[in-house]
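Ligands are counted one by one from 1 in listed order, and the atoms in each one are counted from 1 as well. The basis for the numbers below is simple: all heavy atoms, side chains too, and nothing from hydrogens, waters or symmetry mates.
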Amino acid sequence: MASGKLVVITGVTHGLGRAMAQEFARLGHTVLGCGRSQKEIDRLKDALGKPHDFHAVDVSQDDAVKSWASLCLAAHAPPDLLINNAGVINGNASLWEISEREFSQVVDVNVKGTANVIRHFAPAMVKRRSGVIVNFSSGWGRSTDAEVAPYCASKWAIEGLTQSLSQELPSGMAAVPLNPGIINTEMLQSAFGSSASNYPKADEWAKIAVPFLLKLGPQDNGRQLTVPIRGAND
Ligand SMILES: NC(=O)c1ccc[n+]([C@@H]2O[C@H](COP(=O)([O-])OP(=O)(O)OC[C@H]3O[C@@H](n4cnc5c(N)ncnc54)[C@H](OP(=O)(O)O)[C@@H]3O)[C@@H](O)[C@H]2O)c1
């Protein structure tokens, strides 16, 4: 569709990322996405078809992100919307019980992965002086709870990284830290156990989140935003 936007989303193989990919595509926008699971990437390719495109990429690997961005930017214009959604959470435990390996994994994906994606997509957007970069934060990027210290640290980092980025972008662009609310995905089930089922499913959430994302523009640069769903400010 000529009026459709080009949307790049990380972490499209499950949860919020997959629901967003499906909803953006349903509304006539073009989605380029990544996730680690090749099987799920192939399923998305089959389900959505062209012009959408999906690749197996681990965002914590800078070289892999660089190759993916080159492929996307060779075949398409710079994204109108770049959504850093890919994320992981530590298994519930006190900070002193969490291994260095698990702590590093959370930081490598949630913080450094976001920076890797920005490093390789933002220059084309900055050159064109348009586009919105949305970095997925969390309620736990603005408050804290026990047993999720690495995750909280990573999402507070996302808030700071995004505010700083918003001060670097040319006028016409925006960088936004976004709390998606509380949604029943595999990640929430890890943190909340069976009470995750009290929260909306990802496809219900996407019906509200995608129109909200499509309205973001330069006026939102640096704003700490939250998707307006039930429970988002709990
Ligand atoms: N659900 C909530 O209530 C909630 C609340 C606040 C914030 N969030 C944030 O929202 C985002 C999405 O969360 P979710 O609930 O949808 O989680 P999810 O169901 O666990 O999905 C996470 C997605 O990220 C991908 N991913 C993980 N590591 C990756 C890597 N290294 N490279 C590329 N992709 C990777 C996963 O796919 P692969 O395993 O295939 O790589 C999956 O597609 C996260 O940033 C999360 O912190 C969620």
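In this structure, Trp205 has its ring center at least 6.0 angstrom away from the ring center of Phe212.
In Pro180, the part holding a heavy atom less than 4.0 Å from any atom of ligand 1 is the side chain. Contacts between Asp58 and ligand 1, counted as non-hydrogen atom pairs separated by less than 4.0 Å, involve both the backbone and the side chain. Looking at Thr13 against ligand 1, both its backbone and its side chain come within 4.0 Å, counting heavy atoms. No part of Glu40 comes within 4.0 Å of ligand 1, judged by heavy-atom distances. Looking at Ser137 against ligand 1, only its backbone comes within 4.0 Å, counting heavy atoms. Counting heavy atoms under 4.0 Å from ligand 1, residue Asn184 does not touch it at all.
Closest protein heavy atom to atom 27 (C) of ligand 1: Arg36 NH2, 3.4 Å. Looking from atom 25 (C) of ligand 1 to the surrounding protein, the closest heavy atom is Gly11 CA, 3.6 Å. Protein heavy atom closest to atom 21 (O) of ligand 1, with residue, atom name and distance, is His14 CB, 4.0 Å.
Here Lys207 contributes atom NZ and Gln22 contributes atom CD; the two are 9.0 Å apart, rounded to the nearest 0.5 Å.
Asn84 does not count as a contact of ligand 1, since none of its heavy atoms falls under 4.0 Å from the ligand. Look at Gly181 and you'll find a heavy atom under 4.0 Å from some atom of ligand 1. Not a single heavy atom of Thr10 sits closer than 4.0 Å to an atom of ligand 1.
The nearest non-hydrogen atom to atom 47 (O) of ligand 1, considering only Phe136, Trp68, Trp140, Tyr151, comes from Tyr151.
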Quiz: residues 31-41 side-chain donor-acceptor pairs under 3.5 angstrom, not counting sequence neighbours:
unit_1 : atom_1 : unit_2 : atom_2 : d
Ser37  : OG     : Glu40  : N      : 3.2
Gln38  : NE2    : Asp42  : OD1    : 3.0
Glu40  : OE1    : Arg18  : NH1    : 3.0

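Here salt bridge (charged side-chain N to carboxylate O under 4.0 Å, His left out) pairs that include residues 64-85, with residues two or more places apart or in two chains, are Asp80-Arg128.
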